[in-house]
Number of protein chains: 2
Amino acid sequence: MIGPLTQISRTEHLPARIAAQFAQQIQEGDLKPGDRLPTENEMSKNFGVSRTVIREAIAQLRNEGMIETRQGVGAFVIGRPTRHIRLDDRRKMDPHGFRDLFQLRVPLEIEAAGLAATYHRAEHLRQLDEALQRMKVTDDGAGDGIIADLDFHRAIAAATGNDYFVQFLGAVSDRILQTIVESRERIRLDEIVAIVNREHTELRDAIAARDPVRARAAMRTHMVGSAERIALRLEFYL
Amino acid sequence: MIGPLTQISRTEHLPARIAAQFAQQIQEGDLKPGDRLPTENEMSKNFGVSRTVIREAIAQLRNEGMIETRQGVGAFVIGRPTRHIRLDDRRKMDPHGFRDLFQLRVPLEIEAAGLAATYHRAEHLRQLDEALQRMKVTDDGAGDGIIADLDFHRAIAAATGNDYFVQFLGAVSDRILQTIVESRERIRLDEIVAIVNREHTELRDAIAARDPVRARAAMRTHMVGSAERIALRLEFYL
DNA sequence: AGTTTTCAGGTTATCAGACAATCATATGAA
DNA sequence: TTCATATGATTGTCTGATAACCTGAAAACT
């Protein structure tokens, strides 16, 4: 007996594929909020896989906030989809998407600089100096320098005292630097590194001086410079 | 034989709790990137639950991008953690977390206003006007007015032409408005609604005029006003 | 009649054990 | 040394069973 064509052929993780199938049905509106999914046993029979796999697929959808399960009742498509934010891997190399990402980063970094100047504590200054030191030591721009750069900005985000900035900026700038590293492995940082260090130092001093306006200006300058260095055309109104 | 105290007592979903425990260990640095987690059988014994539960917990962490599993080898803490961003439900009512969320929203909204002024198209203006109209019609501040308000800001995000702004601002302001609605069901909007309408109209006109500086200023005014209306103390440097 | 209690069936949650697929390493042959 | 093979460990999947829980209807009671 040959199963129907909708059955899952196995070249990859079964649960992920089944979850994707249901996610698509929800996205396309075939399954509307409030609708009940088939029982696990039914799915198990229909897809030709064990209930274990079905359960893992459902658990995945539940974690993503698309469905809700009630013991003894069933699984239901969630009403108001909790907005999860995800930086898709798809547009990683897309230059347009890259510009969009940078465009998003700029205001966050500037605001973070201002808040960091206001709210930072001694430990944050220590983190900033530590990252600065590492950037100056490692003349090699490619490897540790990039990581130290990332840590420097991460420290600024931490200094805001606002965990959302840590999360958002962490994800965004992490993704940006990753793309840079991947696309231009051999970027010539030798001449640039001095400029970046100067900008970072000014940024650090402005924060240490608890001067939000100066910190914001410094970060703005740094962002403009960064954009130019990677040949990005952006608008800066302030 | 009595099990150790670290065992999971069951009042809630087992997999979620175990996943949270490991997530915490990763966040706090007890488990560093590259570290290998115990085998499923070991965890099963240590936690006193079946391997099914352990597997679901691991699957959850994998979906969140915190760990990676390799068949025949084990589960490892991922190198670059959390490119996923989550707005936890935990701090929903926490006034401090609420301020943090608003603090994050401000620069995004201002930047979005500037970009919208530059990049908007005819359809976006139509969306703005439509939402504005709905807000003016429904004097009832509580119900549809809030939704129209959200749609207005959503339209601005869309007008940037940058999908990241749509995603990020959508998630953030959605969460903010949700909290407002939940906490102050009976907020007196009657006197306020006129002011909000005026601010929105100015915002719309600035965008329509393709004047980024004016749009940013209008949004800044709007944000300051919003913060005051919900009795939030924020810093505004620009 | 109207209300509460009890029961039966279905569904998800968890458990237990087994086998399959895959990988890392040790072992042995060339 | 270098390559092929065997072996053990670990995750992936399967199967069947039991527990916890919910819904709705029948039964018992007022």
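Quick note on labels: first sequence line is chain A, next is B, and so on, each numbered from 1.
Under the rule for a salt bridge (charged side-chain N to carboxylate O under 4.0 Å, His left out), the partners of Arg55(B) that lie at least two apart in sequence or sit in another chain are Glu56(A), Glu40(B). With sequence neighbours excluded, no residue satisfies side chain to side chain contact (heavy atoms under 4.5 Å, CB included) with Gln71(A). Residues passing the ring pair (Phe, Tyr, Trp, His ring centres under 6.0 Å) test with His200(A), sequence neighbours excluded: Phe152(A), His153(A), His222(A). With sequence neighbours excluded, the residues satisfying side chain to side chain contact (heavy atoms under 4.5 Å, CB included) with Ala155(B) are Gln127(B), Leu128(B).
Atom CD1 in Ile54(A) sits roughly 13 Å away from atom P in dA13(C) (whole-Å rounding). Between Lys45(B) atom NZ and dT10(D) atom C1' the separation is 14 Å, expressed in whole Å. Atom CG of Asn41(B) and atom P of dG8(D) are 17 Å apart (whole Å). Atom CZ in Arg17(B) sits about 16 Å away from atom P in dA13(C), given to the nearest Å. Across the protein-nucleic acid pair, Glu56(A) atom CD and dT11(D) atom C1' stand 11 Å apart, rounded to whole Å.
Using bins of under 30°, 30° to 60° and over 60° for the plane-to-plane angle, the ring pair Phe168(B)/Tyr164(B) lands in the perpendicular bin.
A close approach under 4.0 Å does not occur between any side-chain nitrogen or oxygen of Arg55(B) and OP1 or OP2 of dC14(D). In this structure, Arg36(B) reaches the dT10(D) phosphate: one of its side-chain N or O atoms is under 4.0 Å from OP1 or OP2. The side chain of Thr69(A) places an N or O atom within less than 4.0 Å of a non-bridging phosphate oxygen (OP1 or OP2) of dA13(C). In terms of phosphate contacts, Thr52(B) brings no side-chain nitrogen or oxygen within less than 4.0 Å of OP1 or OP2 of dA16(C).
A 4.5 Å side-chain heavy-atom check between Val77(A) and Met66(A) finds every atom pair outside the cut-off.
A salt bridge links Arg134(A) to Glu130(A): one of the charged nitrogens lies within less than 4.0 Å of a carboxylate oxygen. Asp151(A) has a carboxylate O that lies under 4.0 Å from a charged side-chain N of Arg154(A), or vice versa, which qualifies the two as a salt bridge. Between Glu199(A) and Arg229(A) there is a salt bridge, since at least one side-chain N of the basic residue sits less than 4.0 Å from a carboxylate O of the acidic one.
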Protein and nucleotides 18-23 of chain D: nitrogen or oxygen contacts under 3.5 angstrom:
from, atom 1, to, atom 2, distance (Å)
dA20(D), N3, Gln71(A), NE2, 3.0
dC21(D), O4', Gln71(A), NE2, 3.4

Between N or O atoms, less than 3.5 Å apart, protein on one side and nucleotides 3-5 of chain D on the other: list the pairs.
none

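The residue among Gly74(B) and Ser44(A) whose nearest nucleotide of DNA chain D is located toward the 5' end is Gly74(B).
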